[in-house]
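These notes concern the structure reproduced below.
The figures that follow rest on heavy atoms only: side chains count, while hydrogens, waters and symmetry mates do not. Whatever order the structure lists ligands and atoms in, that order sets their numbers, starting from 1. Treat the numbers as computed from the prediction; the structure is a model and nothing was measured.
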Amino acid sequence: MAEKSTADLDEEEARAELAHLAEQLSRANRAYHTEDAPEISDADYDRLKRRNAEIEARFPHLKRSDSPSDQVGAPVSDGFAKVRHVVRMMSLSNAFEDEDITDFDTSIRRYLGLGEGDPLSYTAEPKIDGLSLSLRYERGQLVQAATRGDGAEGENVTANARTIDDIPQSIPDAPDILEIRGEVYMSHADFAELNERQAAKGGKTFANPRNAAAGSLRQLDSSITKDRPLRFFAYSWGELSEPLADTQANAIARLAQMGFQTNPLTAVCDGPAEMLAQYRAIETQRATLGYDIDGVVYKVNDLALQGRLGFRSTTPRWAIAHKFPAELAWTRLEAIDIQVGRTGALSPVARLAPVTVGGVVVSNATLHNEDYIAGRDSSGSEIRGGKDIRVGDWVQVYRAGDVIPKVADVDLSQRPADAQPYSFPKACPECGSDAIREEGDAVRRCSGGLICPAQAVEKLKHFVSRAAFDIEGLGSRQVEQFYQDGWIAEPADIFTLKERYGQGLQQLKNREGWGEKSANNLFDAIDERRRIGLGRLIFALGIRHVGEQASNLLARHYGSWDAFETAMRDADAMEGTAWDDLLAIDGVGTVLATSLVSAMNQDAERASIDRLVAHLDVQEAERPSTDGSPVAGKTVVFTGTLEKMTRAEAKARAEALGAKVSGSVSSKTDIVVAGPGAGSKEKKARDLGLTILDEDGWLELIGG
Ligand code: IVH
């Protein structure tokens, strides 16, 4: 049996699964973006994200503050100057089945209040498998090119972008401010030639055209980029001083007139049936296009409607990516290795006889967890028809994109007679401590805590990672070295490194890879981080379930380290005022709260945190950015018929302005927006003496 349908989940199961998904996805993000060592395939990643979104859709109140749905892309890397995008660079939500496309159309119609018979057209175009780039033109001159980064801030790669033939340097008759967005990619032929050239001179070869394009665009030396055959398709825009057109299709035509390459397979479709026909047409041509695409993107054609539909936290409501199915191959499973992560999770990794899957040689794949190997899902139901996976088995490897793939299936007819069921270790392979699996957790964890070298080193890597302390010159590799040599055992040790090994810089600069300059730079970078924001500090502690967003919520709620740590101590009994106050934070659930309070009150862990904080000057948390909004922090209820927008639209706009939208009126309500036909809610609001506005009054309040 497959995993439980979301319709069958009860609240507790949903909460536990969301917690598990958040952890799996955050781990996958870190592996992919920060450690450049992806652990799961794109298709698996998409599947987990989809499952997460489905559960959140059914249980919106269980959505976590660190929900994977709110996270996009990679943090920026060192080396390039950072660029803040005036208009955020968004990601796309994904669809996999034909049915998802009809659902997409239905939900858009519902959001806009359109009937089934009302015309609604979309564009359909290939989803290019490259990396997105935003080009800024001022008075027709290219002034800046930036990668997406985390969506809010990317890398300034202007010098490199100027070397790409498809990117015009100047555009006659362009709007004064014009930001064009699109995809940088490499053709198959150019990719093959580049790899041949690289191999001939003993240089780095690339696994696929996307890696080659990314590696080539993100060269610090633009003369290297110039030698790399990069191309660019324009498909979107950011800041504009005047609109480009009235429809997506006309805007694309305008981009072509300006001198950009636009994709010739872009078509306008009058609804799901035509969209799916275009998907099949593009899929049929996929193999002969000469460049990689991984799906089809549909966008609402009417730009005024796009404006009304707006954005969720990281994706537009008016577009969706319909992905192609993943690629498969069969090979022999040679061994199963266990890796131990920061929170002690034991992750099984398949070592495979190398096999080519969609043009990439694969020799490692994820096996997820012990249930997965045994042929069960986390609720005990059968997967793969209950077939377990054994060393020696003939297994199916599944991948999409360039991340580490997964073992998806096993061919029992090829099983060697002496193959033994895999026995998942009950002790940590790194430190020998018991590996325990708690009820409701799919993952077995090492109980060694700080004594486990694998956990300690992973915790340190997390501590110095970009969203945490982000210490320049102290990355995963250096942390591993310092840990192995006994220089750093816990985060506090980083801040005494200079005292202990920096005297005269002799010891550090004598180490391989370190000179006087780099050693001094490192000590300076460490000193700079003694002053740290509360949110970053909480995140850096690496407490299970406490992601970046939850850390920021906690920081904003408690304001200072002292208030935070006192509250955590007071909440130790997991009841009483401090505990209730923690759970009252919108976005903090019991799983997160339990994990946080336990970690903060666990003696050894707490002592290590105290040793760290003694070296720091912890900054108070910033106020939320909706401060200027007239409705920030207010609770609003919409009732009756709204005539200028649908309920969903009204809710989304209110929330974007920092308001909380509630379905029922109480003394905690601040504003009731009542349209025609409002009944008992409006009456109750009157009885309670609350502010009641009609739709126009509300629009006036929020600025139209
Ligand atoms: S539109 C606000 N159109 O896919 C909408 N994106 O998975 C912005 N991509 O970040 C995206 N081909 O890098 C759009 N024809 C296309 C695309 C496309 C490739 C990439 C883009 C985006 C990613 C999301």
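A donor-acceptor contact under 3.5 angstrom links the side chains of Y122 and D105, judged on distance only. Checked by atom type, the side-chain pair N263/T266 shows no donor-acceptor distance below 3.5 Å.
The backbone N or O of L217 sits less than 3.5 Å from a side-chain atom of N160, completing a donor-acceptor pair.
Nearest protein heavy-atom contact of atom 8 (C) of ligand 1 is M90 O, 4.2 Å. The closest protein non-hydrogen atom to atom 17 (C) of ligand 1 is Y235 CE2, 3.5 Å. For atom 12 (N) of ligand 1, the closest heavy atom belonging to the protein is I128 N, 3.0 Å. The protein heavy atom nearest to atom 10 (O) of ligand 1 is R148 NH1, 3.0 Å. Here the heavy atom of the protein found nearest to atom 4 (O) of ligand 1 is K127 NZ, 3.2 Å. At the shortest separation from atom 20 (C) of ligand 1 among protein heavy atoms lies E183 OE1, 3.4 Å.
Taking a cutoff of 4.0 Å between a charged side-chain nitrogen and a carboxylate oxygen, K82 and D150 do not qualify as a salt bridge. Of the charged side-chain nitrogens involved, none lies within less than 4.0 Å of a carboxylate oxygen, so that D100 and R50 do not count as a salt-bridged pair.
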* Please report the C-alpha distance between Y291 and Y185 in whole Å, then the side-chain angles of each, then the deciding distance to 0.1 Å, and finally whether the ring pair (Phe, Tyr, Trp, His ring centres under 6.0 Å) criterion is met. => CA-CA 8 Å; Y291 52 86; Y185 68 101; 5.2 Å; yes
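Every atom of ligand 1 is numbered from 1 in the order shown, and the set under 4.0 Å from a heavy atom of P316 is 2 (C).
One finds the CE atom of M258 at 4.0 Å from the CZ atom of R254 (value rounded to the nearest 0.5 Å). In this structure, OG1 on T147 lies 7.5 Å from CG on L131, to the nearest 0.5 angstrom.
Counting non-hydrogen atoms of neighbouring residues, nucleotides and ligands closer than 6.0 angstrom, the CZ atom of R647 exceeds 12 such neighbours.
In this structure, P126 is part of the shell of residues with a heavy atom less than 4.0 angstrom from ligand 1. In this structure, K299 is part of the shell of residues with a heavy atom less than 4.0 angstrom from ligand 1. Proximity of A319 to ligand 1 is not established, as no heavy-atom distance is less than 4.0 Å.
For ligand 1, the polar-atom distance check finds an N/O of E125 within less than 3.5 Å of one of the ligand's N/O atoms.
No part of R181 comes within 4.0 Å of ligand 1, judged by heavy-atom distances. Residue contacts with ligand 1 for L92 involve both N, CA, C or O and side-chain atoms from C-beta outward (heavy atoms, distance under 4.0 Å).
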